[in-house]
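Counting begins at 1 with the first residue of the sequence. Because the structure is predicted, anything quoted here is derived from the model rather than measured.
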Amino acid sequence: MAAARTPAQRDLLLTFGAWHVLDALAPDAPRQVLALTDGRGAEVMAGPAPSGWERALADDGRYVELGAADPSDPDVFAEVMAGAARDWCLPLPYGAYPAARVRDALASMRAGAALGEIVLCFDRTAPFTK
C-alpha cells in the first residue's frame, strides 16, 4: 500500500507494484490505511508525511526518513545494491537539474510535481555563481 499527492505519483506507485494507492492529501487517508489493514496500521511509513498520518502507523511500525542514511557508508551502499540485484527494491526515478536551475527544482518539489527524487548536478570545474 502506498500514498502520494498527485495522480502521476499515484500511477507511478501502481506501476511499481503497490496493491492499493491512496491520495496522501485526502483528509481521511490515515483512516483508510487503518481500514485496509484491519486496524493494525502501516508497518513502515516514509516521509515526508502530511500532518495526521502518525495515526496510521502501527504500534510497532517504523518511520523512515528517506535520505537520512550517509551515502558514503559502504555498508549501507552494499545493502542497497544487494537488494537491487535481487529485485527487492527498484531504483527510484529522478529529475536532474543543473545547479543553475535550483529555483526550478525547488518549485517542482513545492508543487508536488516531482516523480521520485530531485537531483542537483554541479559542474565541479565551473565556479559557483548566483
Side-chain angles (χ1 to χ4, degrees):
M1 176 180 0
R5 296 189 292 170
T6 69
Q9 292 167 339
R10 291 190 289 275
D11 287 346
L12 181 65
L13 290 168
L14 288 169
T15 300
F16 277 177
W19 62 272
H20 192 87
V21 178
L22 303 168
D23 178 349
L25 299 178
D28 67 336
R31 207 167 337 135
Q32 290 179 46
V33 171
L34 293 172
L36 289 165
T37 60
D38 295 323
R40 175 167 161 62
E43 294 176 14
V44 178
M45 191 177 303
S51 178
W53 272 85
E54 63 280 353
R55 297 185 319 249
L57 191 61
D59 289 340
D60 59 347
R62 293 175 291 152
Y63 179 78
V64 178
E65 180 63 36
L66 297 175
D70 181 356
S72 64
D73 183 334
D75 294 331
V76 171
F77 183 74
E79 185 178 347
V80 170
M81 295 309 292
R86 292 183 181 93
D87 288 334
W88 291 345
C89 58
L90 297 171
L92 288 174
Y94 65 91
Y97 292 83
R101 291 187 50 215
V102 67
R103 283 188 173 93
D104 294 338
L106 290 171
S108 175
M109 186 171 55
R110 283 187 199 110
L115 293 178
E117 300 298 316
I118 295 175
V119 178
L120 290 178
C121 302
F122 293 87
D123 180 353
R124 293 180 184 250
T125 61
F128 182 76
T129 60
K130 288 186 187 179

(message) Nearest 0.5 angstrom please: Ile118 CD1 to Met109 CE, how far?
(response) 5.5 Å

(request) Please indicate whether Glu54 has more than 12 foreign heavy atoms, meaning atoms of other residues, nucleotides or ligands, lying under 6.0 Å from its CD. (result) yes

(request) Find the distance between CG (Leu25) and CG (Leu22) and round it off to the nearest 0.5 Å. (result) 11.5 Å

(message) Tell me the closest heavy-atom pair linking Ala2 and Leu13, and the distance in Å.
(response) CB-CD1, 3.7 Å

(request) Compare every heavy atom of Arg55 with every heavy atom of Pro27, then report the nearest pair and how far apart it is. (result) O-NH2, 4.5 Å

(message) For Trp53 versus Ala29, what's the shortest heavy-atom pair and its separation?
(response) CZ2-CB, 3.4 Å

(request) State the CZ-CG distance between Arg101 and Leu106, to the nearest 0.5 angstrom. (result) 11.5 Å

(request) Identify the two heavy atoms, one from Leu120 and one from Ala105, that lie closest to each other, and give their separation to 0.1 Å. (result) CD2-CB, 3.9 Å

(request) Following the transitive rule for hydrophobic clusters with a side-chain heavy-atom cut-off under 4.5 Å over Ile, Leu, Val, Met, Phe, Trp and Tyr, establish whether Tyr97 and Val102 coincide in one cluster. (result) yes

(message) Measuring only between side-chain heavy atoms, which start at C-beta, is His20 closer than 4.5 Å to Val33?
(response) no

(message) I want to check something: taking the side chain as every heavy atom from C-beta on, are Leu36 and Trp19 in contact at a cut-off of under 4.5 Å?
(response) yes

(request) Please report the closest heavy-atom contact between Gly52 and Pro30, naming both atoms and the distance. (result) O-CG, 3.7 Å

(request) With sequence neighbours excluded, tell me which residues meet side-chain hydrogen bond (donor to acceptor under 3.5 Å, both in side chains) with Arg31. (result) none

(request) Examine distances only and state if a side-chain atom of Arg10 and a backbone atom of Arg5 form a donor-acceptor pair shorter than 3.5 Å. (result) yes

(request) Side-chain contact test, heavy atoms from C-beta onward, threshold under 4.5 Å: evaluate it for Met1 versus Thr37 and give yes or no. (result) yes

(request) Answer yes or no: is there a donor N or O on one side and an acceptor on the other, between the side chain of Arg40 and the main chain of Ala58, under 3.5 Å? (result) no

